[in-house]
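Have a look at the structure below before the remarks.
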2 protein chains.
Amino acid sequence: MVKFAMNLVLEKYKDSGFKMTPQRLAILEYLEGNTEHPSAEEIYRSVIRKFPTMSFATVYNTLEMLVSRGRVMELSIDAGKKRFDPDMVPHHHLICRRCRCIEDVFEDFSIDVSSGTKRNFEVTGHHIAFYGFCPSCQDKNDKG
Amino acid sequence: MVKFAMNLVLEKYKDSGFKMTPQRLAILEYLEGNTEHPSAEEIYRSVIRKFPTMSFATVYNTLEMLVSRGRVMELSIDAGKKRFDPDMVPHHHLICRRCRCIEDVFEDFSIDVSSGTKRNFEVTGHHIAFYGFCPSCQDKNDKG
DNA sequence: TTACCATATTATAATTATTATTGTCAAGTA
DNA sequence: TACTTGACAATAATAATTATAATATGGTAA
């Protein structure tokens, strides 16, 4: 089962022009279909279970390569750290103010900044962060 | 002129329940009306000119206090670091992909996530990051 | 298959960003 | 005045990221 998934990932990236190594495969496999928007540390903690010699540098190198090749998105939605999203379909996010969990929103909101307010920017895309409280945090009183 | 501005800031914060000190005043004065969305470091670099003994801890402490009292917004729109915005009027941002400069957008986009996609989140607000190229970066070729 | 080369990996150090701790000092108060 | 509170600075600690250099490995061509 796992082997099958690994083969799928391997197929997908084989001809992408970058070297496939066991470490990279493990990172890719972890990211494949992942909707948790993991940070570099979360990725590291996961793959080191399979590759105890894995280093942070490899995680960052691989992520940087994937981002530069448009395979993964770097998200700036968590204060002070980067998060990564393997889903390149344009989408938005729901962010819980309390537990900081993040959910995807695949609704298409076509928004146009009026020419007056866009200050001659050439706008190429947008991302909406919806802030609020996730189901399990709505019950709890302390919403600070 | 500067003295007058300082007095205005002083007036504004005097009765807010927190102690006003020269250092805090300098930080507040730097933030007052600032639309640069500065990071902690930029604030530090500015105020240390007036207060050479200023420490980073004071900057962070003051910012944390201001954020917790709803005087300043903490922005997660720059990878790997926090930025701060003294303008508490809800608004959005234009972000240059190249030089990373940030401009305010005071247009009101009323967006509703359909109940289907919002996964039982209680949505309390949203922020739109418009990505693109600022006027001075549009000319330059290398948009990487 | 082997040898070679380019590049990936690791270890490590350095840098940047942030948070925590502690002692001191100053302002306000009993 | 003595006491209390909290702000400040110095410092250390931690977290997040980037850079460097030596080694190991995968892919390719002979």
Side-chain angles (χ1 to χ4, degrees), chain A residues 6 9-11 13-31 37-69 71-84 100, chain B residues 9-10 13-30 37-69 71-84 100 144:
Chain A
M6 278 175 66
V9 175
L10 195 57
E11 271 319 297
Y13 287 96
K14 198 167 58 175
D15 300 318
S16 306
F18 54 84
K19 274 190 191 169
M20 195 47 68
T21 63
Q23 290 88 340
R24 288 189 167 184
L25 197 53
I27 293 172
L28 288 168
E29 201 205 336
Y30 176 76
L31 288 172
H37 313 84
S39 64
E41 205 212 334
E42 281 150 6
I43 297 166
Y44 173 76
R45 276 213 303 264
S46 171
V47 291
I48 204 174
R49 290 206 300 265
K50 196 180 286 181
F51 291 91
T53 65
M54 172 70 62
S55 87
F56 252 109
T58 299
V59 175
Y60 277 110
N61 286 340
T62 303
L63 285 170
E64 192 202 338
M65 180 205 61
L66 292 169
V67 169
S68 72
R69 287 170 196 251
R71 294 291 189 159
V72 161
M73 265 196 294
E74 183 184 290
L75 304 176
S76 297
I77 51 180
D78 195 0
K81 75 167 68 163
K82 297 173 179 176
R83 285 177 172 273
F84 299 89
R100 298 272 113 199
Chain B
V9 175
L10 196 56
Y13 287 96
K14 198 167 57 176
D15 300 319
S16 306
F18 53 84
K19 272 190 192 169
M20 194 48 68
T21 63
Q23 289 91 338
R24 289 188 165 183
L25 197 54
I27 294 171
L28 289 168
E29 200 205 338
Y30 176 76
H37 313 83
S39 64
E41 204 211 336
E42 282 150 4
I43 297 166
Y44 173 76
R45 277 213 303 265
S46 170
V47 292
I48 203 172
R49 291 206 300 265
K50 196 180 286 181
F51 291 92
T53 65
M54 172 71 60
S55 87
F56 251 108
T58 300
V59 175
Y60 277 110
N61 285 339
T62 304
L63 285 171
E64 191 204 337
M65 182 205 60
L66 291 169
V67 170
S68 72
R69 286 170 197 254
R71 294 291 189 161
V72 162
M73 264 195 295
E74 183 184 290
L75 304 176
S76 297
I77 52 180
D78 195 358
K81 75 167 68 159
K82 297 175 179 175
R83 286 178 171 273
F84 298 89
R100 299 270 114 198

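Just so we're on the same page: letters track the sequence lines, and every chain starts at 1.
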Do side-chain atoms of [X] reach the backbone of [Y] as a donor and acceptor pair under 3.5 angstrom?
| X | Y | answer |
| --- | --- | --- |
| B:E64 | B:N61 | no |
| B:S46 | B:E42 | no |
| A:R24 | A:K19 | yes |

(message) Distance check, rounded to the nearest 0.5 Å: A:I27 atom CD1 versus A:Y60 atom OH?
(response) 12.0 Å
(request) Could you grab the distance from atom CZ of B:R83 to atom NE2 of B:H37, nearest 0.5 Å is fine? (result)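 Output value for this atom pair is 8.5 Å.
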Verify the contact: side-chain N or O of [X] to OP1 or OP2 of [N], cut-off strictly under 4.0 Å; return yes or no.
| X | N | value |
| --- | --- | --- |
| A:Q23 | C:dT10 | yes |
| A:T53 | C:dT9 | no |
| A:R24 | D:dG26 | no |

Atom [atom1] of [X] to atom [atom2] of [N]: distance rounded to whole Å?
| X | N | atom1 | atom2 | result |
| --- | --- | --- | --- | --- |
| B:D78 | D:dA16 | CG | C1' | 14 Å |
| A:Y44 | D:dA15 | OH | P | 13 Å |
| A:E64 | D:dT18 | CD | P | 7 Å |
| A:F18 | C:dT7 | CZ | P | 15 Å |
| A:K19 | C:dA8 | NZ | P | 6 Å |
| B:I27 | D:dA7 | CD1 | P | 12 Å |
| A:I43 | C:dT9 | CD1 | P | 14 Å |

(request) Going 5' to 3' through nucleotides 15-25 of chain C, assign each nucleotide B (protein heavy atom under 4.0 Å from a base atom), S (under 4.0 Å only from sugar-phosphate atoms) or - (no protein heavy atom that close). (result) --SBBB-----
(request) Kindly write out the residues that satisfy side-chain contact (heavy atoms from CB on, under 4.5 Å) with B:S68, not counting sequence neighbours, or none if the list is empty. (result)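 B:S68 satisfies side-chain contact (heavy atoms from CB on, under 4.5 Å) with no other residue.
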(request) For A:T58, report the nucleic acid contact type (base, sugar-phosphate, nothing); a contact means any heavy atom under 4.0 Å. (result) base
(request) For A:S55, report the nucleic acid contact type (base, sugar-phosphate, nothing); a contact means any heavy atom under 4.0 Å. (result) base
(request) Check the pair A:L31, A:R71 against side chain to side chain contact (heavy atoms under 4.5 Å, CB included), reporting the backbone distance first and the verdict last. (result) CA-CA 10 Å; A:L31 288 172; A:R71 294 291 189 159; over 6 Å; no
